[in-house]
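Labels below follow one simple rule: chain letters A, B, ... track the order of the sequence lines, proteins then strands, and each chain is numbered from 1. Please read these numbers as outputs of a predicted model, since none were measured by experiment.
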Protein chains: 2
Amino acid sequence: MTENIEVMLTEKNINPTAMRLLVLDFLLKQSSAISLTDLEKGLDPSDRITLYRALKKFEEKGLVHSIDDGSGATKYALCENNCEAGHHHDLHVHFFCNTCRETSCLPKHHIPQIPLPDGFKSEEVNLIVKGVCNKCVH
Amino acid sequence: MTENIEVMLTEKNINPTAMRLLVLDFLLKQSSAISLTDLEKGLDPSDRITLYRALKKFEEKGLVHSIDDGSGATKYALCENNCEAGHHHDLHVHFFCNTCRETSCLPKHHIPQIPLPDGFKSEEVNLIVKGVCNKCVH
DNA sequence: ACAGGAAGCGCAATGGTATTGCAAACTAGT
DNA sequence: ACTAGTTTGCAATACCATTGCGCTTCCTGT
């Protein structure tokens, strides 16, 4: 159990502290991206700042990616295997449900190439689709 | 001059107050989307809250649209003619320059249709391309 | 012209999120 | 067990968005 989670951390060169094991364990149980506040509530009682720094570390090391879905709070979700430290491959579509306000990754849907005017250089693309998710559509 | 701006407001059913004329005039002079703080600085000395409410009113009436470019502060830009109150047609790409941190609209580039999994219903799409703009690329 | 009401404005105040500093607690290697 | 470096928890700060409220101003109906 814990060994598995621990390996995930060490593979990404992250010291497996007790706190980080808890955070990763919690992330693994999520079906959608979560905010820092969600994490704080789920791991109560824990210090918000510590959780914040754990997520930052995970992001830096390529274990999670952050999503700005326009809700005001940054969301975090586990990366697919192919992410590396400092070089994310998270160019997939994120979906924000206006009903349940959950954000989920749609990793199968790659972002199409966007034609830019002359002189513009693309480095990063953020594509959020908002609407109603499959759980709320009925 | 002022008459022109005034007409733009009345056409959208917005009372043309002195403050709003100033705000719209300032918006017309911009080449990129601006934040509330930008507006506040440009129209100093003016009350931030009043400017905030002017922008909200403009947005509500379909005169401007807001853009969340991930910079933390909401940006505002004038709509194309075809926007109506409560029903924006601003489904175009926005470009955020990582160098000059300016956000601009790329209205010629419509957002491509994104295929969604079964049961997902799209209502809105937010597409931000980040990179280097034509002014900063050299 | 007058009275009443609606709309707009400016100040104060609140709430939420992100971020940094610092000192104590902890961990790992010797 | 000792020390150096890492991690943690608390305090504090900085923004941004948003609301409440009283005052002024403008419009309207009589």
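Partners of A:R48 according to the side-chain hydrogen bond (donor to acceptor under 3.5 Å, both in side chains) rule, which considers only residues two or more places apart in sequence or in another chain, are A:T37, A:E40. Shown here are the side-chain hydrogen bond (donor to acceptor under 3.5 Å, both in side chains) partners of B:D69, two or more places apart in sequence or in another chain: B:S71, B:K75, B:T103. With sequence neighbours excluded, no residue forms a side-chain hydrogen bond (donor to acceptor under 3.5 Å, both in side chains) with A:S46.
Rounded to whole Å, atom P of D:dG5 lies 19 Å from atom CG of A:N13. Between the P atom of C:dG10 and the CG atom of B:D44 lies a distance of 12 Å, rounded to the nearest Å. Atom CG of A:D47 is separated from atom P of C:dC22 by 18 Å (rounded to the nearest Å). Put simply, CG on A:L55 is 15 Å from P on D:dT7, counting in whole angstrom units. Atom CG of A:D38 and atom P of C:dA18 are 11 Å apart (whole Å). Atoms NZ (A:K57) and C1' (C:dT19) sit 16 Å apart, rounded to a whole Å. In this structure, the CD atom of A:E40 is 15 Å from the C1' atom of D:dT8, given to the nearest Å. Summarising the geometry, the separation between CE on B:M19 and P on C:dC11 is reported as 11 Å, rounded to the nearest angstrom.
Counting heavy atoms from C-beta on, the side chains of A:I14 and A:T10 never come closer than 4.5 Å. With contacts defined as side-chain heavy-atom distances shorter than 4.5 Å, the pair B:M19/B:R53 does not qualify.
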Under a 4.0 Å heavy-atom criterion, the protein footprint on nucleotides 15-29 of chain D, written with B, S and -, is -SSBBB---------
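Through direct or relayed side-chain contacts under 4.5 Å between Ile, Leu, Val, Met, Phe, Trp and Tyr, B:I67 connects to B:F96, B:I128.
Each side-chain hydrogen bond (donor to acceptor under 3.5 Å, both in side chains) pair with one or both residues in residues 127-138 of chain A, not counting sequence neighbours, appears once here: A:E102-A:K135. Within the structure, side-chain hydrogen bond (donor to acceptor under 3.5 Å, both in side chains) pairs that include any residue of residues 14-27 of chain A comprise A:D25-A:K29 (at least two apart or interchain).
Over its length, the helix from C:dA1-D:dT30 to C:dT30-D:dA1 turns its helix axis by 30°, as judged from the five terminal pairs at each end, rounded to 10°.
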Please report, to 0.1 Å, the donor-acceptor pairs under 3.5 Å made by any side chain of residues 111-125 of chain A, with sequence neighbours excluded.
{"residue": "A:E123", "atom": "OE1", "partner": "B:N98", "partner atom": "ND2", "Å": "2.9"}

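Across all strands, A:T17 comes closer than 4.0 Å only to sugar-phosphate atoms, never to a base (heavy-atom distances).
Neither OP1 nor OP2 of C:dA28 sits under 4.0 Å from any side-chain N or O of A:N15.
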